[in-house]
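First the proteins, then the strands, lettered A, B, ... as listed; each starts at 1.
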Amino acid sequence: MLASSAATEAITVHLETQGDVVVLRHRVREHALELGFSLLDQTKIVTAASELGRNAITYGGGGEAMIESLHDGRRIGIALTVTDHGPGIADVEQAMRPGFTTGSGLGYGLSGTKRLVDEFEIQSQVGVGTTVRIARWR
Amino acid sequence: MLASSAATEAITVHLETQGDVVVLRHRVREHALELGFSLLDQTKIVTAASELGRNAITYGGGGEAMIESLHDGRRIGIALTVTDHGPGIADVEQAMRPGFTTGSGLGYGLSGTKRLVDEFEIQSQVGVGTTVRIARWR
Amino acid sequence: MDRVPINKVGDFLLVSLQGDIHDAVALALQEDLGNRIVSTRARLILLDISALQIVDSFIGRLIGDIAAIARLLDAEVIVAGMQPAVAITLVELGLDLKGIRTALSVESALAMAGIGARI
Amino acid sequence: MDRVPINKVGDFLLVSLQGDIHDAVALALQEDLGNRIVSTRARLILLDISALQIVDSFIGRLIGDIAAIARLLDAEVIVAGMQPAVAITLVELGLDLKGIRTALSVESALAMAGIGARI
Ligand SMILES: Nc1ncnc2c1ncn2[C@@H]1O[C@H](COP(=O)(O)OP(=O)(O)O)[C@@H](O)[C@H]1O
Ligand SMILES: Nc1ncnc2c1ncn2[C@@H]1O[C@H](COP(=O)(O)OP(=O)(O)O)[C@@H](O)[C@H]1O
(Lines give C-alpha, C1' and ligand atoms only; values in the text may rest on other atoms or scores of the structure.)
(Ligands and ions follow the chains in the order given, each with its own letter.)
Protein backbone atom coordinates (compact mmCIF):
# COMPACT_ATOMS: atom_id res chain seq x y z
CA MET A 1 0.00 0.00 0.00
CA LEU A 2 1.03 3.54 -0.57
CA ALA A 3 1.54 5.75 2.43
CA SER A 4 -1.19 8.05 1.21
CA SER A 5 -4.50 7.81 3.01
CA ALA A 6 -8.14 8.93 2.98
CA ALA A 7 -9.11 9.74 -0.57
CA THR A 8 -12.19 11.70 -1.59
CA GLU A 9 -13.84 12.60 -4.89
CA ALA A 10 -12.70 10.10 -7.47
CA ILE A 11 -12.98 10.76 -11.20
CA THR A 12 -12.74 7.97 -13.73
CA VAL A 13 -11.50 8.28 -17.30
CA HIS A 14 -11.84 5.43 -19.78
CA LEU A 15 -8.78 4.76 -21.86
CA GLU A 16 -9.27 3.24 -25.26
CA THR A 17 -7.98 5.56 -27.92
CA GLN A 18 -5.13 8.02 -27.98
CA GLY A 19 -7.74 10.76 -27.75
CA ASP A 20 -8.62 9.44 -24.31
CA VAL A 21 -5.10 10.27 -23.14
CA VAL A 22 -5.87 13.86 -24.07
CA VAL A 23 -9.00 13.74 -21.92
CA LEU A 24 -7.00 12.20 -19.09
CA ARG A 25 -4.41 14.96 -19.27
CA HIS A 26 -7.10 17.63 -19.13
CA ARG A 27 -8.89 16.02 -16.18
CA VAL A 28 -5.66 15.56 -14.25
CA ARG A 29 -4.63 19.16 -14.87
CA GLU A 30 -8.01 20.51 -13.78
CA HIS A 31 -7.85 18.43 -10.64
CA ALA A 32 -4.29 19.45 -9.81
CA LEU A 33 -5.15 23.09 -10.44
CA GLU A 34 -8.14 22.88 -8.10
CA LEU A 35 -5.98 21.34 -5.42
CA GLY A 36 -3.65 24.32 -5.65
CA PHE A 37 -0.62 22.65 -7.22
CA SER A 38 1.94 25.02 -8.77
CA LEU A 39 2.36 25.19 -12.52
CA LEU A 40 5.53 23.12 -12.25
CA ASP A 41 3.82 20.46 -10.15
CA GLN A 42 0.87 20.39 -12.55
CA THR A 43 3.27 19.89 -15.42
CA LYS A 44 4.97 17.00 -13.67
CA ILE A 45 1.70 15.30 -12.71
CA VAL A 46 0.12 15.71 -16.13
CA THR A 47 3.28 14.39 -17.79
CA ALA A 48 3.24 11.35 -15.51
CA ALA A 49 -0.45 10.79 -16.30
CA SER A 50 0.29 11.01 -19.99
CA GLU A 51 2.99 8.34 -19.73
CA LEU A 52 0.79 5.92 -17.80
CA GLY A 53 -2.29 6.54 -19.93
CA ARG A 54 -0.34 5.99 -23.12
CA ASN A 55 1.18 2.75 -21.78
CA ALA A 56 -2.25 1.42 -20.78
CA ILE A 57 -3.43 1.97 -24.33
CA THR A 58 -0.30 0.98 -26.24
CA TYR A 59 0.70 -2.05 -24.21
CA GLY A 60 -2.39 -2.81 -22.13
CA GLY A 61 -4.94 -2.59 -24.92
CA GLY A 62 -6.91 0.04 -23.01
CA GLY A 63 -8.11 0.38 -19.46
CA GLU A 64 -9.14 3.07 -17.08
CA ALA A 65 -7.74 5.81 -14.92
CA MET A 66 -8.97 7.03 -11.55
CA ILE A 67 -8.03 10.46 -10.26
CA GLU A 68 -8.35 11.12 -6.53
CA SER A 69 -7.75 13.94 -4.11
CA LEU A 70 -5.80 12.99 -1.02
CA HIS A 71 -5.88 14.52 2.44
CA ASP A 72 -3.82 12.97 5.20
CA GLY A 73 -4.54 15.58 7.85
CA ARG A 74 -1.37 17.53 7.18
CA ARG A 75 -1.10 17.57 3.45
CA ILE A 76 -3.13 17.67 0.27
CA GLY A 77 -2.27 15.46 -2.63
CA ILE A 78 -3.40 13.93 -5.85
CA ALA A 79 -3.38 10.27 -6.78
CA LEU A 80 -3.81 8.57 -10.12
CA THR A 81 -4.46 4.87 -10.60
CA VAL A 82 -4.20 3.50 -14.12
CA THR A 83 -5.42 -0.04 -14.68
CA ASP A 84 -5.52 -2.26 -17.72
CA HIS A 85 -6.40 -5.88 -18.39
CA GLY A 86 -3.70 -6.39 -20.96
CA PRO A 87 -0.88 -8.94 -21.12
CA GLY A 88 0.84 -7.70 -17.96
CA ILE A 89 4.59 -7.29 -17.49
CA ALA A 90 6.66 -10.43 -16.92
CA ASP A 91 9.71 -8.63 -15.51
CA VAL A 92 8.67 -5.43 -13.79
CA GLU A 93 12.17 -4.57 -12.67
CA GLN A 94 13.37 -4.69 -16.26
CA ALA A 95 10.42 -2.58 -17.44
CA MET A 96 11.30 0.03 -14.83
CA ARG A 97 14.86 0.37 -16.09
CA PRO A 98 15.53 3.68 -17.86
CA GLY A 99 15.85 3.04 -21.56
CA PHE A 100 14.16 -0.36 -21.58
CA THR A 101 11.37 -0.71 -24.11
CA THR A 102 9.71 -3.57 -25.96
CA GLY A 103 7.96 -1.10 -28.21
CA SER A 104 9.24 1.82 -30.20
CA GLY A 105 9.37 4.21 -27.27
CA LEU A 106 12.37 5.63 -25.50
CA GLY A 107 11.86 3.43 -22.46
CA TYR A 108 11.69 6.39 -20.09
CA GLY A 109 7.97 6.27 -19.38
CA LEU A 110 7.89 4.19 -16.22
CA SER A 111 11.25 5.19 -14.73
CA GLY A 112 10.62 8.83 -15.55
CA THR A 113 7.13 8.78 -14.09
CA LYS A 114 8.53 7.42 -10.86
CA ARG A 115 10.92 10.34 -10.65
CA LEU A 116 8.13 12.85 -11.24
CA VAL A 117 5.99 11.76 -8.29
CA ASP A 118 6.31 11.16 -4.56
CA GLU A 119 4.77 7.72 -4.50
CA PHE A 120 4.82 5.05 -7.18
CA GLU A 121 3.44 1.55 -7.00
CA ILE A 122 3.20 -0.93 -9.84
CA GLN A 123 1.42 -4.25 -9.81
CA SER A 124 1.38 -6.48 -12.82
CA GLN A 125 0.47 -10.07 -13.50
CA VAL A 126 1.03 -11.83 -16.78
CA GLY A 127 -2.28 -12.53 -18.49
CA VAL A 128 -4.21 -10.44 -15.99
CA GLY A 129 -3.09 -6.85 -16.40
CA THR A 130 -1.22 -3.95 -14.94
CA THR A 131 -2.05 -1.34 -12.34
CA VAL A 132 0.12 1.66 -11.61
CA ARG A 133 -0.72 4.03 -8.81
CA ILE A 134 1.07 7.31 -8.32
CA ALA A 135 0.65 10.14 -5.85
CA ARG A 136 2.13 13.55 -5.44
CA TRP A 137 1.79 15.78 -2.39
CA ARG A 138 1.56 19.52 -2.46
CA MET B 1 34.25 -7.81 10.45
CA LEU B 2 36.39 -4.98 9.24
CA ALA B 3 40.12 -5.20 9.65
CA SER B 4 40.11 -2.10 11.81
CA SER B 5 40.56 -2.63 15.53
CA ALA B 6 40.39 -0.97 18.94
CA ALA B 7 38.11 2.01 18.68
CA THR B 8 37.89 4.82 21.20
CA GLU B 9 35.63 7.84 21.66
CA ALA B 10 32.46 7.15 19.71
CA ILE B 11 30.10 9.95 18.77
CA THR B 12 26.51 9.25 17.79
CA VAL B 13 24.39 11.37 15.45
CA HIS B 14 20.68 10.73 15.02
CA LEU B 15 19.45 10.77 11.46
CA GLU B 16 15.87 11.76 10.85
CA THR B 17 15.71 14.86 8.72
CA GLN B 18 17.89 16.16 5.95
CA GLY B 19 19.20 18.70 8.45
CA ASP B 20 20.68 15.82 10.43
CA VAL B 21 22.90 14.97 7.49
CA VAL B 22 24.34 18.46 7.84
CA VAL B 23 25.08 17.77 11.50
CA LEU B 24 26.65 14.44 10.55
CA ARG B 25 28.90 16.12 7.99
CA HIS B 26 30.08 18.67 10.54
CA ARG B 27 30.78 16.05 13.20
CA VAL B 28 32.68 13.85 10.78
CA ARG B 29 34.75 16.76 9.54
CA GLU B 30 35.64 17.88 13.08
CA HIS B 31 36.63 14.38 13.97
CA ALA B 32 38.73 13.88 10.86
CA LEU B 33 40.40 17.23 11.39
CA GLU B 34 41.26 16.34 14.98
CA LEU B 35 42.74 13.06 13.83
CA GLY B 36 45.01 14.98 11.51
CA PHE B 37 43.53 13.96 8.17
CA SER B 38 44.52 16.13 5.19
CA LEU B 39 41.97 18.42 3.57
CA LEU B 40 41.58 15.96 0.69
CA ASP B 41 41.03 13.04 3.05
CA GLN B 42 38.53 15.08 5.06
CA THR B 43 36.68 15.88 1.87
CA LYS B 44 36.48 12.23 0.89
CA ILE B 45 35.35 11.08 4.32
CA VAL B 46 32.74 13.80 4.69
CA THR B 47 31.43 13.08 1.19
CA ALA B 48 31.13 9.38 2.03
CA ALA B 49 29.33 10.25 5.27
CA SER B 50 26.93 12.46 3.36
CA GLU B 51 26.06 9.65 0.95
CA LEU B 52 25.41 7.12 3.70
CA GLY B 53 23.50 9.55 5.90
CA ARG B 54 21.28 10.59 3.07
CA ASN B 55 20.56 6.98 2.11
CA ALA B 56 19.63 6.11 5.69
CA ILE B 57 17.09 8.93 5.67
CA THR B 58 15.80 8.62 2.11
CA TYR B 59 15.60 4.85 1.88
CA GLY B 60 15.91 3.69 5.49
CA GLY B 61 13.40 6.11 7.00
CA GLY B 62 16.03 7.41 9.43
CA GLY B 63 18.57 5.83 11.69
CA GLU B 64 21.80 6.69 13.38
CA ALA B 65 25.45 7.19 12.70
CA MET B 66 28.41 6.40 14.93
CA ILE B 67 31.76 8.05 14.38
CA GLU B 68 34.82 6.40 15.90
CA SER B 69 38.54 7.00 16.07
CA LEU B 70 40.67 3.98 15.25
CA HIS B 71 44.17 3.11 16.44
CA ASP B 72 45.70 -0.19 15.47
CA GLY B 73 49.10 0.43 16.98
CA ARG B 74 50.61 1.58 13.70
CA ARG B 75 47.99 3.77 12.20
CA ILE B 76 45.25 6.22 13.07
CA GLY B 77 41.91 6.04 11.34
CA ILE B 78 38.30 7.07 11.39
CA ALA B 79 35.29 4.79 11.13
CA LEU B 80 31.66 5.57 10.49
CA THR B 81 28.79 3.16 11.01
CA VAL B 82 25.39 4.16 9.67
CA THR B 83 22.44 2.04 10.70
CA ASP B 84 18.77 2.17 9.87
CA HIS B 85 15.77 -0.02 10.55
CA GLY B 86 14.18 0.53 7.18
CA PRO B 87 13.10 -1.97 4.51
CA GLY B 88 16.61 -3.27 3.86
CA ILE B 89 18.08 -4.07 0.46
CA ALA B 90 16.98 -7.28 -1.26
CA ASP B 91 19.86 -7.41 -3.72
CA VAL B 92 22.94 -5.74 -2.26
CA GLU B 93 25.11 -6.52 -5.24
CA GLN B 94 22.68 -4.71 -7.51
CA ALA B 95 22.47 -1.75 -5.12
CA MET B 96 26.26 -1.47 -5.19
CA ARG B 97 26.35 -1.23 -8.97
CA PRO B 98 27.30 2.25 -10.23
CA GLY B 99 24.24 3.90 -11.73
CA PHE B 100 21.69 1.62 -10.06
CA THR B 101 18.99 3.50 -8.18
CA THR B 102 15.44 2.74 -7.15
CA GLY B 103 14.92 6.39 -6.29
CA SER B 104 15.62 9.52 -8.24
CA GLY B 105 19.32 9.62 -7.45
CA LEU B 106 22.24 8.98 -9.72
CA GLY B 107 22.96 5.58 -8.22
CA TYR B 108 26.55 6.45 -7.36
CA GLY B 109 26.14 6.76 -3.60
CA LEU B 110 27.13 3.27 -2.46
CA SER B 111 29.62 2.43 -5.20
CA GLY B 112 31.19 5.86 -4.92
CA THR B 113 31.43 5.69 -1.14
CA LYS B 114 33.24 2.39 -1.41
CA ARG B 115 35.82 4.00 -3.68
CA LEU B 116 36.36 6.88 -1.26
CA VAL B 117 37.33 4.75 1.74
CA ASP B 118 39.77 1.99 2.68
CA GLU B 119 37.23 -0.35 4.21
CA PHE B 120 33.60 -0.79 3.32
CA GLU B 121 31.16 -3.30 4.75
CA ILE B 122 27.44 -3.45 4.12
CA GLN B 123 24.91 -5.63 5.88
CA SER B 124 21.28 -5.54 4.97
CA GLN B 125 18.28 -7.70 5.69
CA VAL B 126 14.89 -7.21 4.14
CA GLY B 127 12.40 -6.01 6.73
CA VAL B 128 15.12 -5.45 9.32
CA GLY B 129 17.35 -2.70 8.06
CA THR B 130 20.73 -1.75 6.70
CA THR B 131 24.11 -1.10 8.28
CA VAL B 132 27.07 0.28 6.41
CA ARG B 133 30.44 0.61 8.08
CA ILE B 134 33.33 2.44 6.47
CA ALA B 135 36.83 3.24 7.63
CA ARG B 136 39.68 5.30 6.33
CA TRP B 137 43.26 5.27 7.58
CA ARG B 138 45.52 8.24 7.73
CA MET C 1 -6.53 12.80 -39.97
CA ASP C 2 -5.06 16.12 -38.86
CA ARG C 3 -1.70 17.12 -40.22
CA VAL C 4 0.71 19.53 -38.61
CA PRO C 5 1.19 22.46 -41.02
CA ILE C 6 4.72 23.18 -42.23
CA ASN C 7 5.23 26.77 -43.34
CA LYS C 8 8.04 28.11 -45.41
CA VAL C 9 9.07 31.48 -44.01
CA GLY C 10 12.02 33.12 -45.69
CA ASP C 11 14.41 30.25 -46.28
CA PHE C 12 13.51 28.14 -43.32
CA LEU C 13 10.61 25.92 -42.35
CA LEU C 14 8.43 26.75 -39.39
CA VAL C 15 6.58 23.95 -37.64
CA SER C 16 4.40 24.72 -34.68
CA LEU C 17 3.51 21.75 -32.49
CA GLN C 18 0.18 22.24 -30.79
CA GLY C 19 -2.29 20.36 -28.77
CA ASP C 20 -2.53 16.70 -29.17
CA ILE C 21 -0.32 14.82 -31.47
CA HIS C 22 -1.31 11.21 -32.01
CA ASP C 23 0.89 8.48 -33.40
CA ALA C 24 -0.50 8.86 -36.90
CA VAL C 25 -0.07 12.63 -36.84
CA ALA C 26 3.51 12.24 -35.65
CA LEU C 27 4.33 9.81 -38.43
CA ALA C 28 2.73 12.03 -41.05
CA LEU C 29 4.71 15.01 -39.77
CA GLN C 30 7.99 13.18 -40.14
CA GLU C 31 7.12 12.22 -43.68
CA ASP C 32 5.86 15.66 -44.67
CA LEU C 33 8.85 17.36 -43.16
CA GLY C 34 11.31 15.08 -44.91
CA ASN C 35 9.65 15.82 -48.23
CA ARG C 36 9.52 19.56 -47.61
CA ILE C 37 13.18 19.73 -46.60
CA VAL C 38 14.11 18.10 -49.88
CA SER C 39 11.71 20.10 -52.04
CA THR C 40 12.50 23.50 -50.51
CA ARG C 41 16.19 22.82 -49.80
CA ALA C 42 15.64 24.47 -46.43
CA ARG C 43 18.63 24.16 -44.12
CA LEU C 44 16.84 25.22 -40.97
CA ILE C 45 13.66 24.02 -39.28
CA LEU C 46 12.20 25.97 -36.40
CA LEU C 47 10.13 23.74 -34.20
CA ASP C 48 7.98 26.06 -32.14
CA ILE C 49 6.79 24.21 -29.03
CA SER C 50 5.69 27.25 -27.03
CA ALA C 51 2.10 26.00 -27.16
CA LEU C 52 2.92 22.64 -25.61
CA GLN C 53 1.94 22.47 -21.96
CA ILE C 54 3.71 19.18 -21.52
CA VAL C 55 6.31 17.17 -23.38
CA ASP C 56 6.09 13.52 -22.46
CA SER C 57 8.45 10.83 -23.65
CA PHE C 58 6.36 10.32 -26.79
CA ILE C 59 6.70 13.94 -27.86
CA GLY C 60 10.30 13.95 -26.65
CA ARG C 61 10.97 11.07 -28.97
CA LEU C 62 9.17 12.82 -31.85
CA ILE C 63 11.36 15.90 -31.40
CA GLY C 64 14.49 13.76 -31.33
CA ASP C 65 13.41 11.85 -34.44
CA ILE C 66 12.61 15.04 -36.32
CA ALA C 67 16.04 16.41 -35.48
CA ALA C 68 17.70 13.19 -36.63
CA ILE C 69 15.76 13.11 -39.91
CA ALA C 70 16.59 16.75 -40.58
CA ARG C 71 20.27 16.12 -39.93
CA LEU C 72 20.31 13.25 -42.43
CA LEU C 73 18.89 15.66 -44.99
CA ASP C 74 21.54 18.25 -44.14
CA ALA C 75 19.20 20.55 -42.25
CA GLU C 76 19.15 21.58 -38.62
CA VAL C 77 16.32 21.82 -36.13
CA ILE C 78 16.09 24.54 -33.51
CA VAL C 79 13.50 23.82 -30.83
CA ALA C 80 12.04 27.14 -29.77
CA GLY C 81 9.84 28.31 -26.93
CA MET C 82 9.98 25.48 -24.42
CA GLN C 83 8.30 26.55 -21.20
CA PRO C 84 10.50 26.39 -18.10
CA ALA C 85 8.20 23.93 -16.32
CA VAL C 86 8.41 21.68 -19.36
CA ALA C 87 12.21 21.87 -19.39
CA ILE C 88 12.44 20.93 -15.72
CA THR C 89 9.98 18.06 -16.13
CA LEU C 90 11.77 16.75 -19.19
CA VAL C 91 15.07 16.60 -17.34
CA GLU C 92 13.46 14.84 -14.41
CA LEU C 93 11.90 12.37 -16.82
CA GLY C 94 15.41 11.52 -17.93
CA LEU C 95 15.28 13.13 -21.37
CA ASP C 96 17.38 16.12 -22.16
CA LEU C 97 17.26 16.40 -25.96
CA LYS C 98 21.04 16.32 -25.97
CA GLY C 99 22.54 17.58 -29.18
CA ILE C 100 19.47 19.55 -30.22
CA ARG C 101 19.72 23.32 -30.42
CA THR C 102 17.21 25.30 -28.45
CA ALA C 103 16.05 28.89 -28.36
CA LEU C 104 13.78 30.76 -26.00
CA SER C 105 11.48 31.88 -28.79
CA VAL C 106 11.09 31.82 -32.55
CA GLU C 107 12.52 35.35 -32.72
CA SER C 108 15.64 34.47 -30.79
CA ALA C 109 16.04 31.34 -32.88
CA LEU C 110 16.05 33.54 -35.96
CA ALA C 111 18.56 35.89 -34.42
CA MET C 112 20.66 32.88 -33.47
CA ALA C 113 20.57 31.61 -37.01
CA GLY C 114 21.57 35.07 -38.20
CA ILE C 115 18.61 35.26 -40.53
CA GLY C 116 16.42 37.76 -38.76
CA ALA C 117 17.14 40.31 -41.43
CA ARG C 118 16.41 38.04 -44.32
CA ILE C 119 12.73 37.41 -43.80
CA MET D 1 11.85 27.35 3.20
CA ASP D 2 15.11 28.95 2.14
CA ARG D 3 15.62 29.78 -1.48
CA VAL D 4 18.95 30.12 -3.23
CA PRO D 5 19.22 33.70 -4.53
CA ILE D 6 19.64 34.21 -8.26
CA ASN D 7 21.26 37.52 -9.17
CA LYS D 8 21.31 39.15 -12.53
CA VAL D 9 24.76 40.64 -13.07
CA GLY D 10 25.30 42.27 -16.42
CA ASP D 11 23.60 39.91 -18.82
CA PHE D 12 24.18 36.70 -16.97
CA LEU D 13 22.74 35.07 -13.88
CA LEU D 14 24.90 34.39 -10.87
CA VAL D 15 23.92 31.61 -8.51
CA SER D 16 26.03 30.89 -5.51
CA LEU D 17 25.50 27.49 -3.91
CA GLN D 18 26.23 27.56 -0.24
CA GLY D 19 25.92 25.46 2.81
CA ASP D 20 23.17 23.00 2.99
CA ILE D 21 20.84 22.42 0.15
CA HIS D 22 17.89 20.21 0.98
CA ASP D 23 15.60 18.50 -1.50
CA ALA D 24 12.99 21.24 -1.34
CA VAL D 25 15.59 23.98 -1.80
CA ALA D 26 17.05 22.13 -4.78
CA LEU D 27 13.64 21.80 -6.43
CA ALA D 28 12.81 25.45 -5.82
CA LEU D 29 16.14 26.49 -7.32
CA GLN D 30 15.42 24.59 -10.52
CA GLU D 31 12.03 26.25 -10.80
CA ASP D 32 13.30 29.74 -10.01
CA LEU D 33 16.20 29.41 -12.38
CA GLY D 34 14.01 28.17 -15.24
CA ASN D 35 11.71 31.13 -14.77
CA ARG D 36 14.56 33.63 -14.49
CA ILE D 37 16.27 32.35 -17.63
CA VAL D 38 13.07 32.91 -19.55
CA SER D 39 12.20 36.28 -17.98
CA THR D 40 15.72 37.75 -18.26
CA ARG D 41 16.70 35.98 -21.48
CA ALA D 42 20.05 35.33 -19.90
CA ARG D 43 22.24 33.04 -21.98
CA LEU D 44 24.79 32.32 -19.29
CA ILE D 45 24.48 31.07 -15.74
CA LEU D 46 27.48 31.13 -13.46
CA LEU D 47 27.14 28.57 -10.76
CA ASP D 48 29.59 29.58 -8.10
CA ILE D 49 30.39 26.56 -5.94
CA SER D 50 33.52 27.93 -4.29
CA ALA D 51 31.74 27.87 -0.95
CA LEU D 52 30.91 24.17 -1.16
CA GLN D 53 33.23 22.06 0.96
CA ILE D 54 31.86 18.89 -0.52
CA VAL D 55 29.83 17.89 -3.55
CA ASP D 56 28.10 14.59 -2.96
CA SER D 57 26.04 12.73 -5.54
CA PHE D 58 22.92 14.68 -4.57
CA ILE D 59 24.55 18.02 -5.32
CA GLY D 60 26.26 16.48 -8.33
CA ARG D 61 22.88 15.53 -9.69
CA LEU D 62 21.52 19.01 -8.96
CA ILE D 63 24.35 20.60 -10.92
CA GLY D 64 23.77 18.22 -13.84
CA ASP D 65 20.03 18.87 -13.83
CA ILE D 66 20.52 22.63 -13.71
CA ALA D 67 22.85 22.44 -16.69
CA ALA D 68 20.35 20.30 -18.63
CA ILE D 69 17.42 22.60 -17.84
CA ALA D 70 19.46 25.64 -18.83
CA ARG D 71 20.41 24.02 -22.10
CA LEU D 72 16.77 23.32 -22.96
CA LEU D 73 16.16 27.02 -22.41
CA ASP D 74 19.11 27.97 -24.61
CA ALA D 75 21.40 29.02 -21.81
CA GLU D 76 24.67 27.61 -20.66
CA VAL D 77 25.96 26.88 -17.20
CA ILE D 78 29.55 27.43 -16.19
CA VAL D 79 30.43 25.85 -12.86
CA ALA D 80 32.96 28.10 -11.20
CA GLY D 81 35.25 27.78 -8.23
CA MET D 82 35.28 24.07 -7.49
CA GLN D 83 37.86 23.33 -4.85
CA PRO D 84 40.58 20.87 -5.93
CA ALA D 85 39.75 18.42 -3.14
CA VAL D 86 36.13 18.48 -4.27
CA ALA D 87 37.11 17.80 -7.87
CA ILE D 88 39.26 14.83 -6.90
CA THR D 89 36.54 13.41 -4.67
CA LEU D 90 33.89 13.86 -7.32
CA VAL D 91 35.86 11.89 -9.87
CA GLU D 92 36.53 9.14 -7.35
CA LEU D 93 32.82 9.04 -6.60
CA GLY D 94 32.25 8.30 -10.26
CA LEU D 95 30.75 11.63 -11.28
CA ASP D 96 32.55 13.87 -13.67
CA LEU D 97 29.98 16.48 -14.71
CA LYS D 98 30.62 15.52 -18.31
CA GLY D 99 29.56 18.14 -20.79
CA ILE D 100 29.42 20.92 -18.24
CA ARG D 101 31.84 23.82 -18.61
CA THR D 102 33.91 24.70 -15.60
CA ALA D 103 36.10 27.61 -14.61
CA LEU D 104 38.50 28.07 -11.73
CA SER D 105 36.70 31.16 -10.50
CA VAL D 106 33.85 33.47 -11.31
CA GLU D 107 36.32 35.94 -12.82
CA SER D 108 37.85 33.40 -15.13
CA ALA D 109 34.38 32.21 -16.09
CA LEU D 110 33.56 35.74 -17.14
CA ALA D 111 36.77 36.02 -19.10
CA MET D 112 35.99 32.66 -20.70
CA ALA D 113 32.56 33.88 -21.70
CA GLY D 114 34.16 37.03 -23.06
CA ILE D 115 31.90 39.25 -21.08
CA GLY D 116 34.24 40.60 -18.44
CA ALA D 117 34.21 44.01 -20.03
CA ARG D 118 30.47 44.29 -20.32
CA ILE D 119 29.50 44.22 -16.68
N1 LIG E 1 0.51 -1.23 -19.08
C2 LIG E 1 1.47 -2.04 -19.56
N3 LIG E 1 1.19 -3.30 -19.94
C4 LIG E 1 2.16 -4.13 -20.44
N5 LIG E 1 3.45 -3.76 -20.57
C6 LIG E 1 3.79 -2.51 -20.22
C7 LIG E 1 2.84 -1.59 -19.69
N8 LIG E 1 3.50 -0.43 -19.39
C9 LIG E 1 4.79 -0.62 -19.72
N10 LIG E 1 4.98 -1.88 -20.21
C11 LIG E 1 6.24 -2.47 -20.65
O12 LIG E 1 7.31 -1.78 -20.06
C13 LIG E 1 8.20 -1.24 -21.06
C14 LIG E 1 8.78 0.06 -20.60
O15 LIG E 1 7.75 1.04 -20.51
P16 LIG E 1 8.12 2.58 -20.47
O17 LIG E 1 9.20 2.78 -19.46
O18 LIG E 1 6.87 3.35 -20.30
O19 LIG E 1 8.78 2.85 -21.88
P20 LIG E 1 8.15 2.87 -23.36
O21 LIG E 1 6.67 3.19 -23.19
O22 LIG E 1 8.93 3.95 -24.02
O23 LIG E 1 8.40 1.51 -23.91
C24 LIG E 1 7.34 -1.16 -22.30
O25 LIG E 1 8.12 -1.17 -23.47
C26 LIG E 1 6.45 -2.39 -22.14
O27 LIG E 1 7.13 -3.55 -22.54
N1 LIG F 1 19.81 2.47 3.69
C2 LIG F 1 19.18 1.92 2.66
N3 LIG F 1 18.02 1.22 2.82
C4 LIG F 1 17.38 0.66 1.77
N5 LIG F 1 17.81 0.73 0.50
C6 LIG F 1 18.96 1.41 0.25
C7 LIG F 1 19.70 2.03 1.29
N8 LIG F 1 20.80 2.60 0.74
C9 LIG F 1 20.74 2.36 -0.57
N10 LIG F 1 19.64 1.64 -0.88
C11 LIG F 1 19.26 1.15 -2.21
O12 LIG F 1 20.38 1.11 -3.05
C13 LIG F 1 20.19 1.92 -4.20
C14 LIG F 1 21.49 2.53 -4.64
O15 LIG F 1 21.93 3.45 -3.66
P16 LIG F 1 23.02 4.54 -4.02
O17 LIG F 1 24.16 3.86 -4.73
O18 LIG F 1 23.35 5.31 -2.81
O19 LIG F 1 22.34 5.46 -5.12
P20 LIG F 1 21.10 6.49 -4.99
O21 LIG F 1 21.07 6.97 -3.57
O22 LIG F 1 21.45 7.55 -5.96
O23 LIG F 1 19.88 5.72 -5.38
C24 LIG F 1 19.14 2.91 -3.79
O25 LIG F 1 18.46 3.44 -4.89
C26 LIG F 1 18.25 2.07 -2.87
O27 LIG F 1 17.38 1.27 -3.61
Practice problem: Would you name the heavy atoms of A:Leu106 and C:Gly60 that are closest together and state the gap between them? | Solution: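 Heavy-atom minimum between the residues: CD1-C, 4.3 Å.
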Counting distance alone, with no hydrogens or angles, which donor-acceptor pairs between chain A and chain C are under 3.5 Å?
| residue | atom | partner | partner atom | Å |
| --- | --- | --- | --- | --- |
| A:Gln18 | OE1 | C:Asp23 | N | 2.9 |
| A:Gln18 | NE2 | C:Asp23 | OD2 | 2.9 |
| A:Arg25 | NH2 | C:Asp20 | OD1 | 2.7 |
| A:Lys44 | NZ | C:Glu92 | OE1 | 3.2 |
| A:Ser50 | OG | C:Asp56 | OD2 | 2.5 |
| A:Glu51 | OE1 | C:Ser57 | OG | 2.7 |
| A:Glu51 | OE2 | C:Ser57 | N | 2.5 |
| A:Glu51 | OE2 | C:Ser57 | OG | 3.0 |
| A:Ser104 | O | C:Arg61 | NE | 3.1 |
| A:Ser104 | O | C:Arg61 | NH1 | 2.8 |
| A:Ser104 | OG | C:Arg61 | NH1 | 3.4 |
| A:Arg115 | NE | C:Glu92 | O | 2.7 |

Practice problem: Quick one: list whatever passes side chain to side chain donor-acceptor pair (under 3.5 Å) with A:His85, sequence neighbours left out. | Solution: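 Side chain to side chain donor-acceptor pair (under 3.5 Å) list for A:His85, sorted by chain: empty.
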